[in-house]
Amino acid sequence: MALSTDESGRLADLLTSRTEAITQRWTEVVAGQLRGRLSQAELVRQVQELHRALVDALGKGAVDLAAEEAAELRAVLAELSRRQARQGFSATETATGVFALKDALLGVMEADQTAGTLRDYVAFSALVDQMSLFTFESYVRTRESLIADQAEQLLELSTPVVKLWEGVVAVPLVGTLDSARAQVVMERLLQTLVDTSSPYAIIDITGVPAVDTQVAQHILKTVVAARLMGADCIISGIRPQIAQTIVALGIEFGDIATKASLADALRHVLRHGGVETSRRQPRREL
Amino acid sequence: MTSGIDLSRPQQQTVGSDEDVVRVRQLVRTVAVAAKLSLVDQTKVVTAASELARNTLVYGGGGTVEVTPVDNGRRPGIRIVFADSGPGIADLELALTDGYTTGGGLGLGLSGARRLVDEFDIQTAPGQGTRITIIKWSR
Amino acid sequence: MERVPILKIGDILLVSIQVDMSDQTAVALQEDLAERIVATGCHGVIIDITALDIVDSFVGRMLSTIASISRVLDAETVVVGMRPAVAITLVELGLSLNGIRTALNVERGMELIAAGRGHDEDDWFDDGPDTEPTASP
């Protein structure tokens, strides 16, 4: 894969001596692909930056992209793909920004062919391929981290713990519960019990479409953990199909209180706990 | 506690007494914090380390614990190796069963510790000592 | 070896564990408590573990033993202030702390004991510590 020292020298010469022609052709190809999604000025700057970094790396004697001398070139490529991934460019568009260099090289090398030109071109191409692959990988990494960030934000959004009454907190679960989310819910619910000094928690699963063994296990563990801390959990909103699943799966809810609706659960807690409530008499004035 | 420790290198702690078990807990906590484990994961790995260090002391007659920060390329973690040259474990399957104990404990040490970590490896034979490796990854 | 101090407040012995206990310290606490219960004639023991960042099977067993011993000596034990991370870990570890009563904090623990050394959880929310302790049903 690596270039020979001679080849890398010749490529550096070519890039410097024909800077104008190469960058111009390079810019044209990329512009054709992006169709105006990047301003001309930005595009020129991007191409020049890559060109400069490549010449620089070759000048230092880099023979392939993994070489130590090419560290700066790699940084420039990574930065380019990170930027484009965040701006919503496709992977093809991002990689083309590098691939276009082949076109540009072909353009100038065709013009003055000698015996070794083909061999050189193939060698240079290999280096460009390496650069493109590297770009593509950086692109994918950036997208992956974007997705992870979004998943986390979604998790934050979807697990509110609300205070229902003095001493009673509730967590209305909506959507599919996977292991990671169940864990977040569990931790947050328990922390809220401590923070609000609430001895009662209601887990409402009206909005959960399905319960499998794992989800049931997570709910059960939460209940047991809450008990260890000195609080009681009630599960509400168990729909008929879910009740059937629970029985079919043979999951033991044991002595855990379950109620049909959130309202029932709250009533149960208030009656059970004798929480300071006065339905008939008005509350004491402040 | 943290000062003067190079947390990128393996840390060793001999286990020869009760107080050493406490030191193992503190060392594991420090490295787990540096590896950016969540609070719950820190608690789990420190608890597992406490169980296993006690086993090293009680059943293995003492030994060493090595705590190393690790990275699998996607996320950091912590690896802990408990080694002793005690009598070893004859029936591993039995020893890993909940509630089984020869030392008068609750019988949750080995089996419980295994549930608290992501990777659990045990190498032992009668008379050969015991070497347990656990890994907890950050989420 | 460190020793965990035991405070007497009215009819209650309060133990606030503030150190990372060695097993020896834990065993010593167990013995000290039994002696203090007898010496003071207290009817309630509150063990505050707010400061503990882990509870392993050894400490879990100590808590269970203390609860059993104090029951024999006619005192009710309440463990208070367990952190969420500790509770989650205990569940995963498989330790259920059977026979131990728990409360979120010292205040609620005192309410629990004051509400009578009965086992009726309905009394949790009576007006608070100033209610007369009722005889066991």
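Here the structure is a predicted model, which means the values were calculated and not measured. In the text below, chain A, chain B and the rest are named by the order of the sequence lines, each starting its count at 1.
- Between the side chain of B/K36 and the backbone N or O of B/R75, no donor-acceptor pair lies under 3.5 Å.
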Return a table of donor-acceptor pairs under 3.5 angstrom between the side chains of residues 39-49 of chain B and protein atoms on other chains or two or more places apart.
from: B/D41; atom 1: OD1; to: B/R139; atom 2: NH2; distance (Å): 3.3
from: B/D41; atom 1: OD2; to: B/S38; atom 2: OG; distance (Å): 3.4
from: B/D41; atom 1: OD2; to: B/R139; atom 2: NE; distance (Å): 3.4
from: B/D41; atom 1: OD2; to: B/R139; atom 2: NH2; distance (Å): 3.3
from: B/Q42; atom 1: OE1; to: B/R29; atom 2: NH1; distance (Å): 3.0
from: B/Q42; atom 1: NE2; to: B/L37; atom 2: O; distance (Å): 3.0
from: B/T43; atom 1: OG1; to: B/L39; atom 2: O; distance (Å): 2.7
from: B/T47; atom 1: OG1; to: B/T43; atom 2: O; distance (Å): 2.6

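- For the atom pair CG of C/D20 and CZ of B/R25, the computed distance is 4.0 Å after rounding to the nearest 0.5 Å.
- Contacts between C/V55 and chain B at a heavy-atom distance below 4.5 Å involve the backbone alone (N, CA, C, O).
- Side-chain contact between C/V59 and C/M62: present, with at least one pair of heavy atoms (C-beta onward) separated by less than 4.5 Å.
- Of all residues in residues 45-53 of chain C, those placing a non-hydrogen atom less than 4.5 angstrom from a non-hydrogen atom of chain B are C/D53.
- A donor-acceptor pair under 3.5 Å is absent between the side-chain atoms of B/N55 and the main chain of B/V58, judged by distance alone.
- Contacts with chain C were tallied for B/E51, B/R54, B/R115, B/R114; B/R54 has the most, counting heavy-atom pairs under 4.5 Å.
- With rounding to the nearest 0.5 angstrom, the CD atom of C/Q30 is 4.5 Å from the OG1 atom of C/T65.
- A distance-only check finds no donor-acceptor pair linking the side chain of B/D84 to the backbone of B/G129 [under 3.5 Å].
- Of the two parts of B/V22, the backbone and the side chain both hold a non-hydrogen atom closer than 4.5 Å to a non-hydrogen atom of chain C.
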